[in-house]
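Before I ask anything, here is the structure I am working with.
If you're wondering where the values come from, they're calculated on a predicted model, not measured in any experiment. The first residue of the sequence shown is numbered 1, and numbering continues consecutively from there.
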Amino acid sequence: MKFLDQAKVYVSSGQGGPGAVSFRREKFIEFGGPDGGNGGKGGDVWVECVDGLNTLIDYRYQQHFRAQRGGHGAGRQRSGANAPDVVLKVPKGTQVFAEDNETLLADLTEVGQRVLLCKGGDGGFGNEHYKSSTNRAPRRADPGWPGEEKWIWLRLKLIADAGLVGLPNAGKSTFLSRVSRAKPKIADYPFTTLKPQLGVVQSNDREFVLADLPGLIEGAAEGAGLGHRFLGHVERCAVILHLIDGTAEDPVAAWKLIRKELKAYGADLDKKPEIIGLNKIDAIPADELKAKMTKLKRAAKRPVFALSGVSGEGVSAVVDALYDVIARTRAEEKGEVVDD
């Protein structure tokens with residue numbers, strides 16, 4: 001299945017049905033009077049969060065969604081039928097923005113959540129509605145009220161507990177395949193990962209969702225490489241796992257580059273809890289590894305984990321550290337007290 005995390009969609013609710021002008025004409029009924037029914041209500045347009053979806057690819061092939069208009073009123077006090085609603089089904093984590101792509105209309109984070117996008121127009125009154133003691137034979141019937149229409153943006157931000165970031169070929173996909181059952185594409189050239197990958201990490205009866213994002217390069221904030229568009233999926237993460245290629249000449253420069261791009265993106269990504277991992281230690285001599293670890297710790301001013309996604313060395317310690325930060329962050333969001 002192809003991955004699409006942004007789509008522009010046109011939605012339009014239905015117009016209300018018109019009322020009817022009609023009079024009752026039956027044998028032996030001398031003064032039948034007006035009996036025109038009301039029009040039916042136009043269909044609404046809803047957006048609903050459903051289970052089993054992880055992409056917006058359906059909205060690449062259909063961008064226009066129009067609800068039907070309400071039915072016409074008829075004689076014998078018959079009201080028009082209400083038009084069926086149109087429901088846009090989206091995956092968990094989808095945000096709905098106005099046409100300016102900045103005004104947030106809805107944030108769907110729970111399965112079953114529904115938001116009304118366009119309300120259908122009400123049906124017009126038939127002439128039976130306007131009869132009174134002074135107006136015995138009204139010939140007035142109203143047209144239905146118009147519906148609403150608008151362009152909206154659907155933007156998917158995957159709901160993951162932890163996000164993997166780093167330069168291309170830092171070993172992110174290898175790490176994901178090591179700690180979960182995900183099968184991302186792994187190769188020895190840059191930009192192997194072209195779309196976010198999700199994996200469920202299980203360890204000691206605990207589990208969390210890890211997202212592997214395409215690699216960032218210098219200037220990603222200005223659109224270089226794949227740009228920083230996929231960083232939106234990190235906004236919902238509780239912690240960032242920053243993997244650095246241990247075989248690189250200057251791991252400190254690589255760490256600073258990614259930190260610079262996170263800050264340029266905004267949304268306080270640079271303020272999220274970060275766990276730093278120096279990857280590919282199986283390919284580094286011991287003395288060189290020690291020197292690089294020392295420099296990286298001094299620059300980052302925080303602990304650095306040494307690991308190898310290929311051999312599995314040090315991976316369990318990183319997973320435990322990730323889960324501890326996730327548990328603490330989620331508890332703080334709920335206002336709970338966490339014991340260290």
Given salt bridge (charged side-chain N to carboxylate O under 4.0 Å, His left out), test R328 with E332 step by step and report yes or no. CA-CA 6 Å; R328 187 182 308 112; E332 290 175 356; 5.4 Å; no
What distance separates K263 NZ from K271 NZ, expressed to the nearest 0.5 Å?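 Here the rounded value is 9.0 Å.
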Just wondering, are more than 12 heavy atoms of other shown residues or ligands nearer than 6.0 Å to CD in E249? no
Measure from the side-chain N and O atoms of R24 to the backbone N and O of G33, and report whether any donor-acceptor pair falls under 3.5 Å. no
Can you tell me how far apart OG (S12) and CD (Q68) are? Round to the nearest 0.5 Å.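 Reported value, rounded in 0.5 Å steps: 12.0 Å.
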Test salt bridge (charged side-chain N to carboxylate O under 4.0 Å, His left out) applied to R114 and E48, step by step: CA-CA 4 Å; R114 282 168 60 102; E48 180 180 5; 3.4 Å; yes
Looking at S180 and L176, would you say the former's side chain and the latter's main chain have a donor-acceptor pair under 3.5 Å? yes
Verify same cluster id: F305, I240 (apolar side-chain graph, 4.5 Å): no
Can a side-chain donor-acceptor contact be found between T103 and D100 if the only test is distance below 3.5 angstrom? yes
A side-chain contact here means heavy atoms from C-beta on lying under 4.5 Å apart; do L88 and V9 qualify? yes
Does one hydrophobic cluster hold both V239 and F175, with members joined at side-chain heavy-atom distances below 4.5 Å? yes
Quick one: side-chain hydrogen bond (donor to acceptor under 3.5 Å, both in side chains) partners of N101, sequence neighbours excluded?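 For N101, the residues satisfying side-chain hydrogen bond (donor to acceptor under 3.5 Å, both in side chains) (neighbours in sequence not counted) are R155.
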Whether R259 side chain and D270 backbone form a donor-acceptor pair below 3.5 Å: yes
Under 4.5 Å between any side-chain heavy atoms of D5 and T55, yes or no? no
Whether the E149 and Y10 side chains hold a donor-acceptor pair (N or O, under 3.5 Å, no angle test) is what I'd like checked. yes
Please check this pair: side chain of R60 against backbone of I57, looking for a donor-acceptor N/O pair closer than 3.5 Å. no
Quick one: pull up OH in Y61 and CG in L4 and give me the separation to the nearest 0.5 Å.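 Rounded to the nearest 0.5 Å, the OH-CG separation comes to 8.5 Å.
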Intermediate values then yes/no, side chain to side chain contact (heavy atoms under 4.5 Å, CB included), V47 and L105: CA-CA 11 Å; V47 59; L105 303 179; over 6 Å; no
Hey, do the aromatic rings of F65 and Y59 have their centres closer than 6.0 Å?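 Centroid separation for F65 and Y59: below 6.0 Å.
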Could you tell me whether the side chain of I258 reaches within less than 4.5 Å of the side chain of L167, counting heavy atoms only? yes
So, E313 side chain and V315 main chain: donor-acceptor pair closer than 3.5 Å or not? no
Minimum-distance pair of heavy atoms, taken over all atoms of V252 and A299: CG1-CB, 3.6 Å
Determine, stepwise, if the pair L156 / L158 fulfils side chain to side chain contact (heavy atoms under 4.5 Å, CB included). CA-CA 6 Å; L156 173 61; L158 296 175; 3.9 Å; yes
Testing L104, V11, I152 one by one against V96 for a side chain to side chain contact (heavy atoms under 4.5 Å, CB included), which residue passes?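 Of the listed options, the one satisfying the test is I152.
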Take atom NZ of K295 as the centre, draw a 6.0 Å sphere, and report whether it contains more than 12 heavy atoms from other residues, nucleotides or ligands.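 Counting neighbours around NZ of K295, 12 or fewer heavy atoms of other residues, nucleotides or ligands fall under 6.0 Å, so no.
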When every non-hydrogen atom of G277 is compared with those of L307, the smallest separation belongs to CA-CD2, 3.6 Å
Test item: K41 side-chain N/O and G70 main-chain N/O as donor-acceptor pair under 3.5 Å: no
NZ/K119: more than 12 non-hydrogen atoms of other groups inside 6.0 Å: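 Counting other residues, nucleotides and ligands, NZ of K119 exceeds 12 neighbours.
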May I ask you to decide if E148's main-chain N or O and S13's side chain share a donor-acceptor pair within less than 3.5 Å? yes
What do you reckon, is CH2 of W46 surrounded by more than 12 foreign heavy atoms closer than 6.0 Å?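 Enclosed: over 12 neighbouring heavy atoms sit under 6.0 Å from CH2 of W46.
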Shortest non-hydrogen contact from K172 to D212?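 K172 and D212 have their closest heavy atoms at CB-OD1, 3.4 Å.
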OG of S311 to CD1 of I281: how many Å apart, nearest 0.5 Å?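 CD1 of I281 is found 6.0 Å from OG of S311.
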Please answer: with hydrophobic residues joined when any side-chain heavy atoms are less than 4.5 Å apart, are V200 and L210 in the same cluster? no
Are side-chain heavy atoms of C118 and D44 found at a separation under 4.5 Å? no
R206 and D320: CA distance, side-chain angles, deciding distance, side chain to side chain contact (heavy atoms under 4.5 Å, CB included) verdict: CA-CA 10 Å; R206 305 180 301 183; D320 291 339; 3.2 Å; yes
Show the nearest heavy-atom pair for residues G163 and C237, with the distance to one decimal. N-SG, 3.6 Å
Quick one: does any side-chain atom of S177 pair with a main-chain N or O of T174 as donor and acceptor, under 3.5 Å? yes
R302 side chain reached by E274 side chain, heavy atoms, under 4.5 Å: yes
Heavy-atom count around K8 NZ within 6.0 Å, excluding the residue itself: above 12? yes
Has N279 got a side-chain atom pairing as donor or acceptor with D245's backbone, closer than 3.5 angstrom?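 It does not hold such a pair.
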Could you verify whether a donor N or O on one side chain and an acceptor N or O on the other, from Q95 and K157, lie under 3.5 Å apart?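 Present: a donor and an acceptor within the cut-off.
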Restricting to pairs with a member in residues 29-40, which pass side-chain hydrogen bond (donor to acceptor under 3.5 Å, both in side chains), not counting sequence neighbours? S22-D35
Shared hydrophobic cluster for I275 and V165 (ILVMFWY, side-chain gaps under 4.5 Å): no
I want to check something: taking the side chain as every heavy atom from C-beta on, are L296 and I244 in contact at a cut-off of under 4.5 Å? yes
Would you say T329 and P273 make side-chain contact, with heavy atoms under 4.5 Å?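 Sidechains of P273 and T329: in contact.
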Pairs of donor and acceptor atoms involving the side chains of residues 106-113, under 3.5 Å and at least two apart or interchain, shall be tabulated with distances.
{"unit_1": "D107", "atom_1": "OD1", "unit_2": "R236", "atom_2": "NH2", "d": "2.8"}
{"unit_1": "Q113", "atom_1": "OE1", "unit_2": "T109", "atom_2": "N", "d": "3.2"}
{"unit_1": "Q113", "atom_1": "OE1", "unit_2": "E110", "atom_2": "N", "d": "3.4"}
{"unit_1": "Q113", "atom_1": "NE2", "unit_2": "D107", "atom_2": "O", "d": "3.4"}

Do F23 and N127 touch side chain to side chain, with heavy atoms closer than 4.5 Å?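 Side-chain contact under 4.5 Å: yes.
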Ring geometry between Y323 and F208 (parallel below 30°, tilted from 30 to 60°, perpendicular above 60°):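 If you compare the ring of F208 with that of Y323, the planes turn out tilted.
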V201-L241 co-clustered via ILVMFWY side chain contacts under 4.5 Å: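 Per the 4.5 Å side-chain linkage, V201 and L241 are co-clustered.
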Report the C-alpha distance between H242 and W255 in whole Å, list the side-chain angles of each, state the deciding distance to 0.1 Å, and finish with yes or no for side chain to side chain contact (heavy atoms under 4.5 Å, CB included). CA-CA 8 Å; H242 187 170; W255 175 77; 3.4 Å; yes
Would you name the heavy atoms of A283 and T247 that are closest together and state the gap between them? CB-CG2, 4.0 Å
Nearest non-hydrogen partners of A83 and R69, listed with the distance: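 What the structure gives for the nearest pair is CB-O, 3.5 Å.
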Look up atom CZ in R136 and atom CZ in F31, then write down how far apart they are to the nearest 0.5 Å.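 Taking CZ in R136 and CZ in F31, the distance rounds to 9.5 Å.
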Can you tell me how far apart CG (D142) and NE2 (H129) are? Round to the nearest 0.5 Å.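 Rounded to the nearest 0.5 Å, the CG-NE2 separation comes out at 8.0 Å.
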